[in-house]
2 protein chains.
Amino acid sequence: MPVRVAVLGFGVVGQAVVRRIVSVPGPLELTHIFNRRIASKRVDWVPAPVVWTESFDEVLAAEPDIVIEVIGGRTPAGDYLRRAIAAGCHVVTANKQLMAYEGPELLAMAARHDVRVGYEASVAGGIPVLCAIREGLSGDDLLEVSGILNGTSNFVLTRMAEAGLPFDDVTREARERGYAEADPSDDVDGHDARAKLCILVRDALGLDVRPADVHTESIRPIRPIDFTYAADLGCVIKQVARAVRHGDGVLAWVRTALVPATSPLAHVTGGQNIVILRGASGNETVLGGFGAGGGPTAVAVVSDALSIAAGSPLTSPGGRALRPAQVVTTARGAFYLRFIVRDRPGVLAGITSVLASHGVNVDAVLQAPGLPKDALPFVVTLEDTEAESVAAALDQIARLDFHVVPPLALPMVG
Amino acid sequence: MPVRVAVLGFGVVGQAVVRRIVSVPGPLELTHIFNRRIASKRVDWVPAPVVWTESFDEVLAAEPDIVIEVIGGRTPAGDYLRRAIAAGCHVVTANKQLMAYEGPELLAMAARHDVRVGYEASVAGGIPVLCAIREGLSGDDLLEVSGILNGTSNFVLTRMAEAGLPFDDVTREARERGYAEADPSDDVDGHDARAKLCILVRDALGLDVRPADVHTESIRPIRPIDFTYAADLGCVIKQVARAVRHGDGVLAWVRTALVPATSPLAHVTGGQNIVILRGASGNETVLGGFGAGGGPTAVAVVSDALSIAAGSPLTSPGGRALRPAQVVTTARGAFYLRFIVRDRPGVLAGITSVLASHGVNVDAVLQAPGLPKDALPFVVTLEDTEAESVAAALDQIARLDFHVVPPLALPMVG
């Protein structure tokens, strides 16, 4: 019995999805392709019976078994999905913002209408992480999820480290090579990773965390000198998304962090993604691959549709209920503090005496030779410390008069 | 409605499985624990209603929904599973040898009896790779599967590389630390990895490959000097299992190989495992974690049982039929040839002239300074070459009179 599928959106991802559906043998039968200005979208490699339409009513009237949404953005994609669910269609979506902001409500609505929602493609593209959480690791008690969830930021940081170039130059290159959008703010400021982290936290930890609750920092303040100092410390710099059970709540943030060169996070280069799941029984499981792009995203979308066609429940077998959780944004840890100062006698004494007055212990001071005195970058690393003490000390240090740019504090993880 | 579960085998894995079943909330209800000499196995942390028995007839008579087999070995475990399937029970097994040698027959029998077989734990322990193949990557067309599938061999090679110690010393240490069995032959000679590769090839590539068809080499001939030369080439040495579609057939082998230090394979240390799946659309997906041990194996076993309880079909949604495939054991590639010789003028000329006579091009010759002349280890690397030409040349070179040990040829992958 063929399973009738409509695809909403015929951009890069939509085309890749349609290519897989029409080329892979199996139960999926493509019936509709929906897009604005559909006449300009038509291609000759899609089989003739497929209906090309710009009317969502026409799609719904045909009563497809599965509606695939690869339009992106919360509106109107969310409205289409709600109407599809209300009409009794299963839905598959690659829409991370929609799932991050409205996922629990969509899933509850789907449960009421006895249909399933596949959203593997909304997190880390082609990496089958939600499937691993839902099935392969369902027998574990997951305690932590962390990862590199944004390929653009990772590309930018990787290139900055390799080429020693500043953020603006590398971001321009990333745009030219198609690795970054015209406005890469969502990626480099961490909002994209934050959305994906919320989805992961719900599925892996059973905690309902919303994007606004997640402390998020931009990679923009990172400078080439930071990679040099990080290397001296045996580390690389990555945009890390992390969530750990913390009592009844959860510590969750997206930050630029120092990662030991031996960590699986450190080996993720260019546009790749990684997710690390830590469980009480199975310890660390690492999943890596391509987090974006038409091909990998299409694999996730079509795999969800095939799972629905095969009768997979697409929910965690344990049926864990989602519960709201207090989000903690800071915790004890080691820190990398980078200062760029107009050098003069007393600068280091000024900084270290403020740190000492807050009970913060210095681990090391790094200053590379031959750097300009009028904008001297140097680093102070801190031993395992309460984040609040570090923040209070930095607040006071930032008011001293020798800074060329505001002090930068990066957590050292792992 | 609780799902009634019987566990066969109460060793390290069986105990970890039972601990998870009794501690994780969910639908699984443990009814029986079966083991030889059951009186000596009884522990007080298992709830009272559970029946401890050494009679498999008693287990079957209770009509459990799921029979979990964590005894290991093909006999009598295979007989128990066949009887359970015939009695209409779903089964879950961690038994790689059974699944490698008899998997297709067991799955066919299960299909006839309309029951499901979970065997996630039989490959790479806690890493949810079969789940990823079955669901998360089902929309892709998988072309290649490779990995590090044996933790013992990886521990031995990692320690040899770190400590510069010979195979025998490190293997003794691995035994003492519980990373190797009294007789580690199955692990270090590649038979364990070969069994897992066969299961992966069937599920990922849809090709029926049997263990005897897979070319398998031992890690025993590796010496500390090989790690030094490999490092000079920017590589590490790993026991690699690899299968690639090759026309209608498949290239499949387990070999000790040189892997570039930048490969995901290179970062797998100690007892960890990794699986890399390459698909036509999604490119490379990497899954890593703990390949053995009670906790990770129990996660895989209990996850399978939960999936069965939730009604997951546990089969590839596409329903790909398994087809027999011709196994190719050699292919073109670059090679590392290591010789240990009684040095005298003409040794290198003798070797390189034989290589030239077979049309084999030398890429580099490496000889570290200060090595003993009576047992001089040196290396010749070969450019991309037909494996048959290399084998023929080596055969002839091995008959020359200056060898202290037989020449060693390792493929250079990636």
Side-chain angles (χ1 to χ4, degrees), chain A residues 16 19-21 23-27 120 125-132 134-141 262 264 267 269 274 277 279-290 293-296 298-313 315-320, chain B residues 16 19-21 23-27 120 125-132 134-141 262 264 267 269 274 277 279-290 293-296 298-313 315-320:
Chain A
R19 265 194 198 281
R20 290 235 49 86
I21 293 175
S23 66
V24 174
E120 180 70 78
I127 306 176
V129 58
L130 300 185
C131 145
R134 187 177 68 231
E135 296 226 12
L137 300 175
S138 62
D140 207 350
D141 184 17
T262 52
H267 305 128
T269 56
I274 193 172
L277 298 157
S281 186
N283 210 318
E284 278 191 0
T285 302
V286 178
L287 299 100
F290 289 88
V299 167
V301 165
V302 175
S303 296
D304 270 350
L306 286 169
S307 291
I308 288 172
S312 170
T315 53
S316 185
R320 261 189 292 251
Chain B
R19 265 194 199 281
R20 292 239 43 92
I21 293 175
S23 65
V24 175
E120 180 71 78
I127 306 175
V129 57
L130 300 185
C131 144
R134 187 177 68 231
E135 296 225 13
L137 300 174
S138 62
D140 207 350
D141 184 17
T262 52
H267 305 129
T269 55
I274 194 172
L277 298 157
S281 186
N283 210 317
E284 279 191 0
T285 302
V286 178
L287 298 101
F290 288 88
V299 167
V301 164
V302 175
S303 297
D304 270 351
L306 286 169
S307 291
I308 289 172
S312 170
T315 53
S316 185
R320 261 190 292 253

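Each chain gets a letter, A, B and so on, in the order the sequences are listed, and its residues count up from 1. Just the heavy atoms: all of them, side chains too, but no hydrogens, waters or symmetry mates, feed the values below. Values in this document were obtained by computation on a predicted structure and should not be read as measured data.
- For the residue pair A:Gly136 and B:Ser303, the shortest heavy atom distance occurs at O-OG, 2.9 Å.
- Interface check for chain B: of the options A:Val286, A:Ile274, A:Leu287, A:Val302, the most heavy-atom pairs under 4.5 Å are formed by A:Val286.
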Checking side-chain contact (heavy atoms from CB on, under 4.5 Å) for the pair A:Asp140/A:Thr285: CA distance, chi angles, key distance, verdict? CA-CA 11 Å; A:Asp140 207 350; A:Thr285 302; over 6 Å; no

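- For the set A:Gly279, A:Gly282, A:Gly139, A:Gly295, the count of heavy-atom pairs under 4.5 angstrom toward chain B peaks at A:Gly139.
- Contact count against chain B (heavy-atom pairs under 4.5 Å) is highest for A:His267 among A:His267, A:Arg19, A:Glu284.
- Ranked by non-hydrogen atom pairs under 4.5 Å with chain A, the options B:Ala132, B:Ala280, B:Ser23 are led by B:Ala132.
- Partners of A:Ser312 according to the side-chain hydrogen bond (donor to acceptor under 3.5 Å, both in side chains) rule, which considers only residues two or more places apart in sequence or in another chain, are B:Glu135.
- When the side-chain hydrogen bond (donor to acceptor under 3.5 Å, both in side chains) test is applied to B:Ser281, no partner is found at least two apart in sequence or on another chain.
- Among A:Gly288, A:Gly126, A:Cys131, A:Gly289, the residue making the largest number of heavy-atom pairs under 4.5 Å with chain B is A:Gly288.
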Start with the C-alpha gap between B:Thr262 and A:Thr269, add the side-chain angles, then the distance that decides, and say whether side-chain contact (heavy atoms from CB on, under 4.5 Å) holds. CA-CA 10 Å; B:Thr262 52; A:Thr269 56; over 6 Å; no

